[in-house]
Amino acid sequence: VIILGKDEKNVQSALDELKNENASSVICDLRNSKDIENTSENLKNVDILINCAGIIGYYNLEDHPKEDIQAQIEVNLLGTIYMTQAILPTMKKQNSGTIINVSSTTGLHGKPQESVYAASKFGVRGFTEALQEELKEQESAVRVLGFYPGGMNTKLFVKGGVDKDTSSFMDPEEIARIVVFMLEHPDSIKMDQVVVNRNKGV
Ligand SMILES: NC(=O)c1ccc[n+]([C@@H]2O[C@H](COP(=O)([O-])OP(=O)(O)OC[C@H]3O[C@@H](n4cnc5c(N)ncnc54)[C@H](OP(=O)(O)O)[C@@H]3O)[C@@H](O)[C@H]2O)c1
């Protein structure tokens, strides 16, 4: 397992939590293409790539600062595209591997104050679906799966300066179990996209 992150302290604490001698880490800011290149350079085999990094910000479009628009597109969309482009040749050489692109239910339906976030997550969806077709055409065994979760109880909103009570949102540990299931499903089952929503009746 290689944990990739931009913040050394956060990456180290994730590594400490894993307590696994096979786990390692790489400091990589997805907004920096050189970092992405360096990350993929020495990898000989890659079984799984999870494109999960993301940022959010809530703004009416006319109030949305340009630097935040750029940051959301760069991390959420370009980060996913460039990281996939960097890792795909290794998976193709092996003729195996699974890539999971974490979009959002906002990648399926637009929401107010989320026009740019939605643009980035719809972009991830289009990228994922087109790449699925491309790999099918090439008869490659590499799988690319799209994941579309609804609200989860993480620090995403606080970090993005969004004041939102997320205490009733889905538990990220439960969601992680679904991701593991997606990774373990046999090739005989087609699971190109998985949508997970909070059951508001519970
Ligand atoms: N939470 C939700 O309700 C929700 C719903 C649907 C989809 N999602 C998506 O789920 C994914 C995970 O989000 P989360 O909710 O778990 O939030 P999170 O805890 O903030 O995780 C996002 C991760 O992305 C990393 N990251 C941000 N900018 C980066 C950069 N430039 N380079 C490298 N890494 C960077 C963050 O690193 P730091 O720890 O250093 O900040 C953090 O580890 C995101 O793609 C998000 O859009 C979330």
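Predicted model, so just to flag it, every value in this text is computed and none were measured. As the structure lists them, so they are numbered: ligands from 1, and atoms in each ligand from 1.
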Indicate, as side chain, backbone, both or neither, the part of E74 found under 4.0 angstrom from ligand 1 when only non-hydrogen atoms are considered.
neither
Is K6 salt-bridged to D35, going by a charged N under 4.0 Å from an acidic O?
no
Evaluate the salt bridge (Lys or Arg N to Asp or Glu O under 4.0 Å) criterion for residues K190 and D192: first the C-alpha distance (whole Å), next the side-chain angles of each, then the deciding distance (0.1 Å), finally the verdict.
CA-CA 6 Å; K190 199 162 171 328; D192 287 348; 2.6 Å; yes
Against ligand 1, does K121 come closer than 4.0 Å with any heavy atom?
yes
Side chain to side chain contact (heavy atoms under 4.5 Å, CB included), that's the test. Do I100 and I48 meet it? Break it down for me.
CA-CA 8 Å; I100 295 192; I48 296 162; 5.7 Å; no
Can you hop from L131 to F122 via hydrophobic side chains spaced under 4.5 Å?
no
Classify the contact between P172 and ligand 1 as side chain, backbone, both or neither, using a heavy-atom distance cut-off of under 4.0 Å.
neither
Please state whether G150 comes within less than 4.0 angstrom of ligand 1, counting heavy atoms only.
yes
Does C28 come within less than 4.0 angstrom of ligand 1, counting non-hydrogen atoms of the residue?
yes
I need the contact type for L156 against ligand 1. Using non-hydrogen atoms and a strict under-4.0 Å cut-off, is it side chain, backbone, both or neither?
both
For the 3.5 Å polar cut-off, considering only N or O atoms, please tell me whether D7 and ligand 1 meet it.
no
Side chain or backbone, does L4 bring an N or O within less than 3.5 Å of an N or O on ligand 1?
no
May I ask you to list the atoms of ligand 1 that are less than 4.0 angstrom from any heavy atom of V75?
28 (N), 29 (C), 31 (N)
Below 3.5 angstrom, do we get any N/O pair linking K155 and ligand 1?
no
Does NZ in K93 sit with more than 12 non-hydrogen atoms of other residues, nucleotides or ligands closer than 6.0 Å?
no
Hey, which atoms in ligand 1 end up nearer than 4.0 Å to a heavy atom of D29?
30 (C), 31 (N), 32 (N)
Report yes or no: does R143 contribute a side-chain atom to a donor-acceptor pair with the main-chain N or O of M191 at less than 3.5 Å?
no
Whether F157 lies under 4.0 Å from ligand 1, heavy atom:
yes
Do the side chain of Q113 and the main chain of N60 share a donor and acceptor less than 3.5 angstrom apart?
no
Give yes or no for whether the N/O distance cutoff of 3.5 Å, strictly under, is met between T105 and ligand 1.
no
Side chain, backbone, both or neither: which part of I55 comes within less than 4.0 Å of ligand 1 when only heavy atoms are counted?
side chain
Whether the side chain of Q72 engages the backbone of Y117 through a donor-acceptor N/O pair (distance < 3.5 Å, no angle test) should be reported.
yes
Does ligand 1 have a heavy atom under 4.0 Å from the side chain of N10, from its backbone, from both, or from neither?
side chain
F169 versus ligand 1: do any nitrogen or oxygen atoms come within less than 3.5 Å of each other?
no
Judged by atom type as modelled, is there a donor-acceptor pair below 3.5 Å linking the side chain of E74 to the main-chain atoms of L30?
no
Enumerate the atoms of ligand 1 whose separation from the nearest heavy atom of G151 is less than 4.0 angstrom.
3 (O)
Around Q138, counting heavy atoms of other residues, nucleotides and ligands shown, do more than 12 lie under 6.0 Å from its CD?
yes
